[in-house]
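Some notes on the structure that comes next.
Computed from a prediction, not measured in an experiment: that's the story for all the values here. Order of the sequence lines fixes the chain letters, A, B, ..., with proteins taken first and strands second; residue numbering starts at 1 for each chain. The figures here come from the full heavy-atom set of this structure, side chains too, leaving out hydrogens, waters and symmetry mates.
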Amino acid sequence: MNISNIPEVIYILKEEDAKFRTPYVTEVSNEAGKDPFKVLMSCILSLRTKDETTREASIRLFNLADTPEKIIKLTIPEIENAVYPAGFYRTKAKTIREISSELVEKYGSKVPDEIDELLEFKGVGRKTANLVVTMGFGKPGICVDTHVHRIMNRWGFVQTKTPDETEIALRRKLDKEYWIIINDLLVCYGQNICKPISPHCSQCRLAQYCKAVGVTRKR
DNA sequence: AAAACGGGGGC
DNA sequence: GCCCCAGTTTT
């Protein structure tokens with residue numbers, strides 16, 4: 001077994017992962033019948049924000065309005081109040097409103113299903129665009145957040161400086177069938193085991209193959 | 001008390 | 001490349 005044997009890694013992590021809850025945006029896409037708009041809004045709310053807080057803010061927002069048409073009828077303060085728990089509430093409320101009105105005006109209230117189109121919205125970067133495409137439309141995409149970026153580099157599976165570089169590298173090195181699942185697994189694994197600081201290497205079943213054990217920063 | 005958090009925009 | 005967003009959780 002080698003860390004570059006992704007199918008084997010996935011198998012190991014899946015057992016590890018069973019005790020963790022499904023990442024929230026994934027869950028939204030499931031329970032919402034993969035409503036791309038809800039996925040997109042949840043992505044915005046999840047920026048730099050932990051799972052549990054994203055959940056609360058999303059519920060509050062969708063309770064008020066769950067389509068772009070309904071959202072543009074709200075005032076900015078109403079949106080801010082709804083998404084307040086997620087933090088960065090002013091930026092996020094503004095982004096949510098701008099994207100919603102652009103969707104209504106230029107896209108017939110339909111969320112685009114292409115990464116390049118999604119990237120044109122202000123507030124949508126590669127991580128969000130990939131997540132909407134995969135979770136909202138079931139199309140292939142690799143969502144590289146800081147967890148995926150960090151973990152892939154600790155393993156030595158890639159050597160990259162930014163999440164965007166990591167995405168490019170993974171597109172080249174990883175078969176499409178693993179694109180979605182790797183993100184899903186690594187988020188849980190990254191939040192609970194392979195944490196940014198003081199990771200729980202002693203609990204990690206991949207430790208014997210990892211290049212960062214004992215090297216990783218502790219405080 | 002300080003750093004970090006499922007990024008992304010502006011400069 | 002660097003700084004900002006902002007309230008809550010971790011260290």
Seminar exercise, completed: Atom CZ of Arg90(A) and atom P of dA6(C) are separated, to the nearest Å, by 5 Å

For this session: Could you tell me whether Glu114(A) and Lys139(A) have a side-chain N and a carboxylate O separated by less than 4.0 Å?
Result: yes

Seminar exercise, completed: note: Glu80(A), atom CD; dC5(C), atom P; distance rounded to Å ~ 14 Å

For this session: Just jot down the side-chain contact (heavy atoms from CB on, under 4.5 Å) partners of Thr134(A), sequence neighbours excluded, or say none.
Result: Leu131(A), Ile180(A)

Exercise. What does Pro163(A) touch in the nucleic acid at a heavy-atom separation under 4.0 angstrom: a base, only the sugar-phosphate, or nothing?
Worked result: nothing

Problem set entry | Main-chain N/O of Gly141(A) paired with Asn130(A) side-chain donor or acceptor, under 3.5 Å | no

Exercise. Do Thr160(A) and Thr166(A) meet the criterion of a side-chain donor-acceptor pair at a distance under 3.5 Å?
Worked result: yes

Exercise. Of Thr53(A) and His200(A), whose closest DNA chain C nucleotide lies nearer the 5' terminus?
Worked result: Thr53(A)

Problem set entry | Between dC5(B) (P) and Lys92(A) (NZ): distance, integer Å | 14 Å

Seminar exercise, completed: Nearest-nucleotide check on DNA chain C, Thr162(A) vs Pro85(A); residue mapping nearer the 5' end is Thr162(A)

Exercise. Can you check whether His147(A)'s main-chain N or O pairs, donor with acceptor, with Asp145(A)'s side chain at less than 3.5 Å?
Worked result: yes

Problem set entry | salt bridge (charged side-chain N to carboxylate O under 4.0 Å, His left out) assessment of Lys73(A) paired with Glu69(A) | CA-CA 7 Å; Lys73(A) 288 179 184 155; Glu69(A) 295 94 333; over 6 Å; no

For this session: Provide the distance between the two C1' atoms, one in dC2(C) and one in dG6(B), to the nearest whole Å.
Result: 22 Å

Seminar exercise, completed: Taken to the nearest whole Å, CG/Asp164(A) to C1'/dG6(B) is 15 Å

For this session: Return the set of residues passing side-chain contact (heavy atoms from CB on, under 4.5 Å) with Lys161(A) (not counting sequence neighbours), or none when no residue passes.
Result: Glu165(A)

For this session: For DNA chain B, find the residues of residues 139-150 of chain A with a heavy-atom distance under 4.0 Å and give them by number; none if there aren't any.
Result: Asp145(A), Thr146(A), His147(A)

Exercise. Quick one: is Thr91(A) getting a side-chain N or O under 4.0 Å of the dG8(B) phosphate, OP1 or OP2?
Worked result: no

For this session: Grab the CD-P distance between Gln191(A) and dT11(C) for me, whole Å please.
Result: 13 Å

For this session: State whether Lys161(A) places a side-chain N or O below 4.0 Å from either non-bridging phosphate oxygen (OP1 or OP2) of dG1(C).
Result: yes

For this session: Evaluate the side-chain proximity of Lys211(A) to Ile3(A): yes if any heavy-atom separation is below 4.5 Å, no if none is.
Result: no

For this session: Identify whether Val104(A) and Leu40(A) are in the same connected component of the hydrophobic contact network (ILVMFWY, side-chain heavy atoms under 4.5 Å).
Result: no

Problem set entry | Side-chain heavy atoms of Arg126(A) within contact of Ile115(A), under 4.5 Å | yes

For this session: Looking at every strand, decide which applies to Tyr84(A) at a 4.0 Å heavy-atom threshold: base, sugar-phosphate, or nothing.
Result: sugar-phosphate

Problem set entry | P gap between dT8(C) and dG8(B), integer Å | 23 Å

Exercise. Which nucleotide in the set dG6(B), dC5(B), dT11(C) lies at the smallest distance from any side-chain heavy atom of Lys195(A)?
Worked result: dT11(C)

Seminar exercise, completed: Rounded to whole Å, the OH-C1' distance (Tyr89(A) to dT8(C)) equals 14 Å

Problem set entry | Ser58(A) side chain reached by Tyr24(A) side chain, heavy atoms, under 4.5 Å | yes

Seminar exercise, completed: The ring pair (Phe, Tyr, Trp, His ring centres under 6.0 Å) partners of Tyr11(A) (sequence neighbours excluded) come to none

For this session: Check the distance between dC5(C)'s C1' and Leu45(A)'s CG and give it to me in whole angstrom.
Result: 14 Å

Exercise. Taking atom types as modelled, is there a side-chain donor on Thr162(A) or Asp164(A) under 3.5 Å from an acceptor on the other?
Worked result: no

For this session: Kindly express the pairing pattern of DNA chain B in dot-bracket notation, using | wherever a base pairs with another strand and counting only Watson-Crick or G-U pairs under 3.5 Å.
Result: |||||.|||||

For this session: Rounded off to whole Å, could you give me the NZ-to-P distance for the Lys50(A) and dA3(B) pair?
Result: 16 Å

Problem set entry | Nucleic acid contacts of residues 116-132 of chain A, taken as heavy-atom distances under 4.0 Å to DNA chain B | Phe121(A), Lys122(A), Gly123(A), Val124(A), Gly125(A), Arg126(A), Lys127(A), Thr128(A), Leu131(A)

For this session: Could you work out the separation of dA4(B) and dC5(C) based on their C1' atoms and round it to a whole Å?
Result: 14 Å

Exercise. Which whole number of Å gives the distance between the P atom of dA6(C) and that of dA1(B)?
Worked result: 24 Å

Exercise. Given dC5(B), dG6(B), dG8(B), which nucleotide is nearest the side-chain atoms of Leu47(A)?
Worked result: dG8(B)

